[in-house]
Number of protein chains: 2
Amino acid sequence: MAYIYDIYEENCPTRQVLDRLADKWALLILDRVKHGPMRFNHLKRDIRGISQKALSQTLKKLERDGLVSRTVHPTIPVTVEYALTPLGATLKETVAAIAHWAERHMEAVLDAQKAYDGAGGER
Amino acid sequence: MAYIYDIYEENCPTRQVLDRLADKWALLILDRVKHGPMRFNHLKRDIRGISQKALSQTLKKLERDGLVSRTVHPTIPVTVEYALTPLGATLKETVAAIAHWAERHMEAVLDAQKAYDGAGGER
DNA sequence: CCGCATCCATCTCGATACTG
DNA sequence: CAGTATCGAGATGGATGCGG
């Protein structure tokens, strides 16, 4: 299987996109938002362990990449909703595939880690 | 679609696996290695921009996770080959899906970035 | 050829505090 | 509610030199 672009080349545009996806928080946010719009603090509450800063930064990147939309409702106080854009929606299946792989093979990975650490890691 | 584990929970084992995959170099290495065993310096040459340190570290993580195998051939000088394990092979399709999404939608992302930067980014 | 050790610049991240 | 600003700590990355 060949690529149109050489993804092993530096500065390959595909790599830049790959870099964005290769982000722990980005994947979780995309997965969390795929069922419908969500507010900032709702995301922050749901995605345990993410700091406000990381959430803010990651959302901004995703917005810049056109994957997530940001809608401000002029209520008092303001509410801001984040949702998948049509472009972002095309990622749904891929993100789900990653998450499900992680689920299915998590135990095997954990076992491999144990075996590895037990074999050569101890001193 | 529900998950067996709550991937939004901290310390969820699935998240740990996700974190490993959410790595720029890991994805590139897995993709590069999926057609057969490769030597260390071959990988280093092919994956432009990766430092020896990053390659070495990422390979070790992948080996620990049981995704990549490391085989030392006692030649002089030694040659070391890295290959997908059976577990790693189950990731082939998923990694390919990510890479192909990046390829297909790269232009849209680049356009979105341009629009975003042009609209509110300039000062 | 493979890869670890070290040094050092850089960056990222989390916690905290403050604004519209 | 939804962020931005700031700061210090820790992780990360590249460059270099050495050893098996």
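In what follows, every chain begins at residue 1, and chains take the letters A, B, ... in the order their sequences are listed.
An OP1 or OP2 oxygen of D:dC1 is reached within less than 4.0 angstrom by no side-chain nitrogen or oxygen of A:Thr75. Note on B:Tyr82: a side-chain N or O is less than 4.0 Å away from OP1 or OP2 of C:dG3. Taking side-chain N and O atoms only, A:Ser56 has no distance below 4.0 Å to OP1 or OP2 of D:dA2.
Counting only heavy atoms from C-beta outward, the side chains of B:Pro13 and A:Leu110 approach each other to under 4.5 Å.
Here the P atom of nucleotide D:dT4 and the NZ atom of A:Lys44 are 14 Å apart, to the nearest Å. Rounded to whole angstrom, the span from the CG atom of B:Leu55 across to the P atom of C:dG3 amounts to 8 Å. Between the CG atom of B:Leu43 and the C1' atom of C:dC2 there is a distance of 12 Å, given to the nearest Å. Put simply, CE on A:Met38 is 14 Å from P on D:dG3, counting in whole angstrom units. In this structure, A:Glu81 places its CD atom 16 Å from C1' of D:dG3, rounding to the nearest Å. In this structure, A:Ile47 atom CD1 and C:dG14 atom P are separated by 13 Å, rounded to whole Å. A straight line from CZ of B:Phe40 to P of D:dG20 spans 18 Å, rounded to a whole angstrom. B:Asp19 places its CG atom 11 Å from the P atom of D:dT12, with the value rounded to the nearest Å.
Interface remark: the B:Gln52 side chain does form a donor-acceptor pair with the C:dC4 base, using a distance-only criterion of under 3.5 Å.
Closest to the B:Arg70 side chain, of the nucleotides C:dG3, C:dC13, C:dC1, is C:dG3. Here the side chain of B:Ser51 is nearest to one of D:dG14, D:dA2, C:dC1, namely D:dG14. Among the nucleotides C:dC2, D:dG3, C:dC4, the one closest to the side chain of B:Asn41 is C:dC2.
Salt-bridge check for B:Asp23 with B:Arg20: failed, with every basic side-chain N at 4.0 Å or more from each acidic carboxylate O.
Sequence order on DNA chain C of the closest nucleotides to B:Leu59 and A:Ala54 puts B:Leu59 first from the 5' end. Position along DNA chain D of the nearest nucleotide to A:Lys53 versus A:Val80 favours A:Val80 as the more 5'-ward residue. Between A:Pro77 and B:Trp25, the one whose closest nucleotide on DNA chain D sits nearer the 5' end is A:Pro77.
Between A:Asp65 and A:Leu87, the closest heavy-atom pair is O-CD2, 3.8 Å. Closest heavy-atom contact between B:Glu10 and A:Gly49: CD-CA, 3.4 Å. Counting all heavy atoms, side chain and backbone alike, A:Ile98 lies closest to B:Leu18 at CG2-CD1, 3.7 Å.
Using a 4.0 Å heavy-atom distance criterion, A:Lys60 is classed as a sugar-phosphate-only contact.
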